[in-house]
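What follows is a set of notes on a single structure, which appears directly below.
Just so we're clear, the structure is a prediction, and the values are computed from it rather than from any experiment.
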Amino acid sequence: MVASSGGRIMESSSGRSNLSSTKTERKVREKNRRNQMKTLYSKLNSLFPNKESMEKQPLPDQIDEAISYIKSLEEKLENTKEKKESLTSATSKSPKLKIQETCSALEIVFTIGLDDQFLFYEIISILHEEGVEVVSANSQALGDSIFHVVHAQMKESADGLGAARVTGRVNRLINGSTSEIELDSELWDFVIHPETILKF
């Protein structure tokens, strides 16, 4: 509140007090804001491996360093995800084989990737070369792989090693060795639809 006296404007003591109080409140708020920012910067720096060197830098440099570090972590995470997806995809597409022999009957169960469909025809070719009669062949798409079941009838061989020879050749074709790879149990429970059966 101001009063006029003799042409002069005089400020009341209450006005000066209000102005002083406002300035004090602003200073307190600014101090609290700075303390809060300092605490937040300290928490941010504590997340980085080079905490000590970060705290010695000016605040703008600390922010730049934090941005660069976070971006590098994002790139590493993305690369890790891509590697995981690549490995998972490679695993799901890798050929799997199971051969069962009962007397003269032969059952060949295998999964191959969409790009490895030629392996199916190679197996059929091997069976024909070995004089094995293919009774039926079932096929079913499973995502990016194809599930095959081949039933065949063995003929008696002169050396009695017909089944072993066929098994060895098919294993070498699919796995590159004579070791047998078991299919996952869920694949054995998979139901082949009648329309996918190929008769020979």
Treating Ile, Leu, Val, Met, Phe, Trp and Tyr as nodes and any side-chain heavy-atom pair under 4.5 angstrom as an edge, say whether I108 and F118 lie in one connected cluster.
yes

Which atom pair, heavy atoms only, marks the closest approach of L173 to E122?
CD2-CB, 3.5 Å

Can you check side-chain contact (heavy atoms from CB on, under 4.5 Å) on Y69 and E65, steps first, answer last?
CA-CA 6 Å; Y69 183 70; E65 188 77 17; 5.7 Å; no

Separation between CG of L114 and CG of L142, rounded to the nearest 0.5 Å:
10.0 Å

Measure the shortest side-chain to side-chain distance between N79 and E82 over non-hydrogen atoms and say whether it is less than 4.5 angstrom.
yes

Write out all pairs satisfying salt bridge (charged side-chain N to carboxylate O under 4.0 Å, His left out) with one or both partners inside residues 29-46, taking only residues at least two apart or from two chains.
E30-R33, E30-R34

Transitively linked via ILVMFWY side-chain contacts under 4.5 Å: I70 with I63?
no

Can you tell if the side chain of F120 reaches within under 4.5 Å of the side chain of I146, non-hydrogen atoms only?
no

NE2 of H151 to OG of S136, rounded to nearest 0.5 Å, is 5.5 Å

Between the CG atom in L119 and the CZ atom in F110, the distance rounded to the nearest 0.5 Å is 7.5 Å

Compare all side-chain heavy atoms of E129 with those of R169 and state whether any distance is below 4.5 angstrom.
yes

About how many Å separate CD of E130 and OG1 of T167, when rounded to the nearest 0.5 Å?
10.0 Å

From CD1 (I67) to CD (Q62), nearest 0.5 Å
12.0 Å

Please report the interatomic distance CD1(I123) to CD1(I112), rounded to the nearest 0.5 Å.
7.0 Å

Between the main-chain N or O of Y41 and the side-chain N or O of N45, is there a donor-acceptor pair closer than 3.5 Å?
yes

Cluster link I126 to Y121, ILVMFWY, side chain under 4.5 Å:
yes

Any idea which heavy atoms bring A163 and M154 closest together, and the distance?
N-CE, 3.3 Å

Please determine if K98 and E107 form a salt bridge, counting it only when a charged side-chain N lies under 4.0 Å from a carboxylate O.
no

For S139 against H148, the heavy-atom pair lying closest together:
OG-ND1, 2.8 Å

